[in-house]
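The model shown is predicted, which means the values in this text are computed figures rather than measured ones. So you know, we letter chains A, B, ... as the sequences are listed, proteins then strands, and number each from 1. Worth knowing before you read on, the calculation uses all heavy atoms, side chains too, and leaves out hydrogens, waters and symmetry mates.
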Number of protein chains: 2
Amino acid sequence: MARSTIADVARLAGVSVATVSRALNGNPSVDPALAERVRAAAIELQYSASPLARSLVLGRTATIAVVVPDLGNPTFQEVLRGLSLAAKAEGYHVLVADSAEAVEEERALALDTRRRTDGVVLVAPRMPDDELAALLPELAPVVLVNRRPDAKTVPTVGADYSAGVTALLEHLHGLGHRSFAYLAGLERSVSNAARVAAIEAFAERSAITVHRLPGGVDFDAGAASADAVLATGATAALAFNDLVAMGLMSTLQGRGVDVPGELSVVGFDDIPFAAYTSPPLTTAAVPTLRLGELAWAAMSATLGGAGAAAVALGSGAREPAAASASAHPLLVPQLVVRGSSGPASA
Amino acid sequence: MARSTIADVARLAGVSVATVSRALNGNPSVDPALAERVRAAAIELQYSASPLARSLVLGRTATIAVVVPDLGNPTFQEVLRGLSLAAKAEGYHVLVADSAEAVEEERALALDTRRRTDGVVLVAPRMPDDELAALLPELAPVVLVNRRPDAKTVPTVGADYSAGVTALLEHLHGLGHRSFAYLAGLERSVSNAARVAAIEAFAERSAITVHRLPGGVDFDAGAASADAVLATGATAALAFNDLVAMGLMSTLQGRGVDVPGELSVVGFDDIPFAAYTSPPLTTAAVPTLRLGELAWAAMSATLGGAGAAAVALGSGAREPAAASASAHPLLVPQLVVRGSSGPASA
DNA sequence: CTGTTAGCGCCTTCAT
DNA sequence: ATGAAGGCGCTAACAG
């Protein structure tokens, strides 16, 4: 039973393929009676147009690609989920590509997936600025996640790292902390640079000292930094993200260090499990699911041509500050105080 | 600058499109000199064949679809990741679809994605057997994850729930536990049925009593069951999965119940954060990443036609029991004893 | 070894 | 309102 084509339907309905095409696509210029006959024939043959052939002639695939650095990272998982759900709601499909942190492959991967889709959502925190700038035009339409766009021309959604870090620091400062350890992310990442800038800005207006430690983005990186953190004598540790914070706390626990008694630890992101560590992690909550939804909204707007969709996404009501309205939404992380932060010791 | 087509390359190289096609596809029947000229022209024009047009004529898209019930679930995330990486290694792309637990939509979603790809990997633990059976033929090639196939004809990969549950039970039994609470998953899910069967089998040969409690698959479900668990008087709780176990422990902690002092709690899956709960969770580790890799291996074998790939996947060496060799690998979960389980109280 | 031609399955002017 | 015909971009016979 080979799949039936539009010609089969035309034959069965006793019309031309053109009419079938029109009828099935809801073209109003078709006699209602005929249209019905065509529809019936299509159903009888279980016909439905080949997406492939359709894409070829229409020039659109109804699919977008999303390139992430690591599908194992909770943050990107949530972005993907938000994106996937939002896209599905508008009849779009999602092609995922995990670059596995291989920066050198990101370009090829993005380009490759782009050709099979109508656009790409790129999450590439470590790609050098110049390389990114060169890539963007070839990728259009493209929307960036967590990158400040060089040109104002490319839609970008992201979290306001600066605001998040500042909120965290203010919280700790209010608890009496004056000496901090910062566990950095990857050197070349934009998100790390943004955090560092916010930290330095804060340090300048408040008399605090900050020890910057080399780091990483995962659990192991945090676990490995414990001794270095203790060596600084800091009373509070600001981890690049929750994963790092969790790793740090894990090792700390092994060393018999009391958190937050001897050392306060805060993370970033508020991944699903941050609330269940021991002690529960104080962090800056980034609405990653929402970030994915916004990424889709931006993509959708671009695809829809000029002034297409003003589709209401998400839960509407409570919208973080000047977020979704803008073409470059910058979601403000919310401070979530839990058990891992407390008054400065001594 | 409109994209260049094969005709442009042909023109520039001074040959026919057929020759370009052959040269670029490595067809040996092309004069080496000509082939080189074609390649040069292609590079100059930055030409690369349209995947769409190619797919249409070749009948293959070099893409597979994977349908999961919930992208927010760590287990499915890992499967997706393993699958994605393995597929990429062989030049395949992955289209993801999150059915958002909507069983009634799964069929349509699978069918829809199938038409844009060469096959689908279906993770649908709750789809009724008969519906699944009816769907399978329309989906082929398809590989199932965590479903016992009715017909031996469809490739399936999965975790051996029975073995995992038994290992957990034996562990607890060895600690002196005789009265258990089982927090069930979704009623209609296959994976729940498998666990229940294993529990009953164990109960029959060891004098234990098991209280089955209605449940769910996520954190909240576990959190909501705490009182019910305590009411049974059981000394050990077996949660459907780690998420449920974590939810349970969370509420228990609020109630001032000592784990494992007063109640032992064990989970299932060994999600990435199971090791960092408080106390760390005893569980049965399911190699979900590997599951994804095996799913791809199965798909790849099917796509490759008859006796194609015996591609060595993964780390080769340490292979769980009679796993990957089979066409229906059933990975055996490994017991991971951590702090949440201890001697039975009183 | 290379060029010509016929589709892959569909949509869309262009006539009628 | 409907049909005929020309592509979308590429590959695979089928001749030379």
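C:dC8 atom C1' lies 14 Å from atom CG of A:Asp8, rounded to whole Å. When rounded to the nearest whole Å, the span between CG of A:Leu24 and P of C:dG9 equals 16 Å. With rounding to whole Å, A:Asn27 atom CG is found 9 Å from D:dA1 atom P. Rounding to whole angstrom units, CG of residue B:Leu56 and P of D:dC10 are separated by 12 Å. For the pair B:Leu52 CG and C:dG9 P, the computed distance is 14 Å after rounding to whole Å. Distance, B:Arg3 CZ to D:dC8 P: 16 Å, rounded to whole Å. Regarding A:Arg60, its CZ atom lies at a distance of 16 Å from the P atom of C:dC10, rounded to whole Å. One atom, OH of A:Tyr47, and another, P of C:dG9, lie 10 Å apart when rounded to the nearest Å.
The side chain of B:Ala53 lies closest to D:dC10, out of D:dG3, D:dC10, C:dC10.
Within the nucleic acid shown, A:Ser50 comes within 4.0 Å of sugar-phosphate atoms alone, with no base atom in reach, counting heavy atoms only. Residue A:Ala18 is classed as a base contact, given a heavy-atom separation below 4.0 Å to a base. Backbone-only engagement by B:Leu58 is indicated by non-hydrogen atom pairs under 4.0 Å involving sugar-phosphate atoms exclusively.
Judged by distance alone, the side chain of B:Arg115 and the main-chain N or O of A:Ser48 form a donor-acceptor pair under 3.5 Å. Using modelled atom types, no side-chain atom of B:Thr156 and backbone atom of B:Val145 make a donor-acceptor pair closer than 3.5 Å.
Annotation: A:Arg188, atom CZ; neighbour count of heavy atoms from other residues, nucleotides and ligands within 6.0 Å does not exceed 12.
Within residues 28-43 of chain B, the residues approaching DNA chain C are B:Ser29, B:Val30, B:Asp31, B:Leu34, by heavy-atom distance under 4.0 Å.
A salt bridge links A:Glu138 with A:Arg107; the closest basic N to acidic carboxylate O contact falls under 4.0 Å. Under the 4.0 Å criterion applied to side-chain N and carboxylate O atoms, B:Glu101 and B:Arg126 are assigned as salt-bridge partners.
For A:Glu105, the salt bridge (Lys or Arg N to Asp or Glu O under 4.0 Å) partners at least two apart in sequence or on another chain are B:Lys88.
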Heteroatom pairs (N/O) under 3.5 angstrom, protein to nucleotides 14-16 of chain D:
none

Stepwise side chain to side chain contact (heavy atoms under 4.5 Å, CB included) test for A:Val96 and A:Val68: CA-CA 8 Å; A:Val96 287; A:Val68 298; over 6 Å; no

Might you work through the side chain to side chain contact (heavy atoms under 4.5 Å, CB included) test for B:Leu122 and B:Leu139, ending with a clear yes or no? CA-CA 9 Å; B:Leu122 183 61; B:Leu139 241 38; 4.2 Å; yes

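Nucleotides of DNA chain C nearest to B:Ser16 and B:Val57 differ in position, and the one nearer the 5' end is that of B:Ser16.
Side-chain nitrogen and oxygen atoms of A:Arg54 include at least one within less than 4.0 Å of the OP1 or OP2 phosphate oxygen of C:dC11.
No side-chain donor from either of B:Ser84 and A:Asp98 sits under 3.5 Å from a side-chain acceptor of the other.
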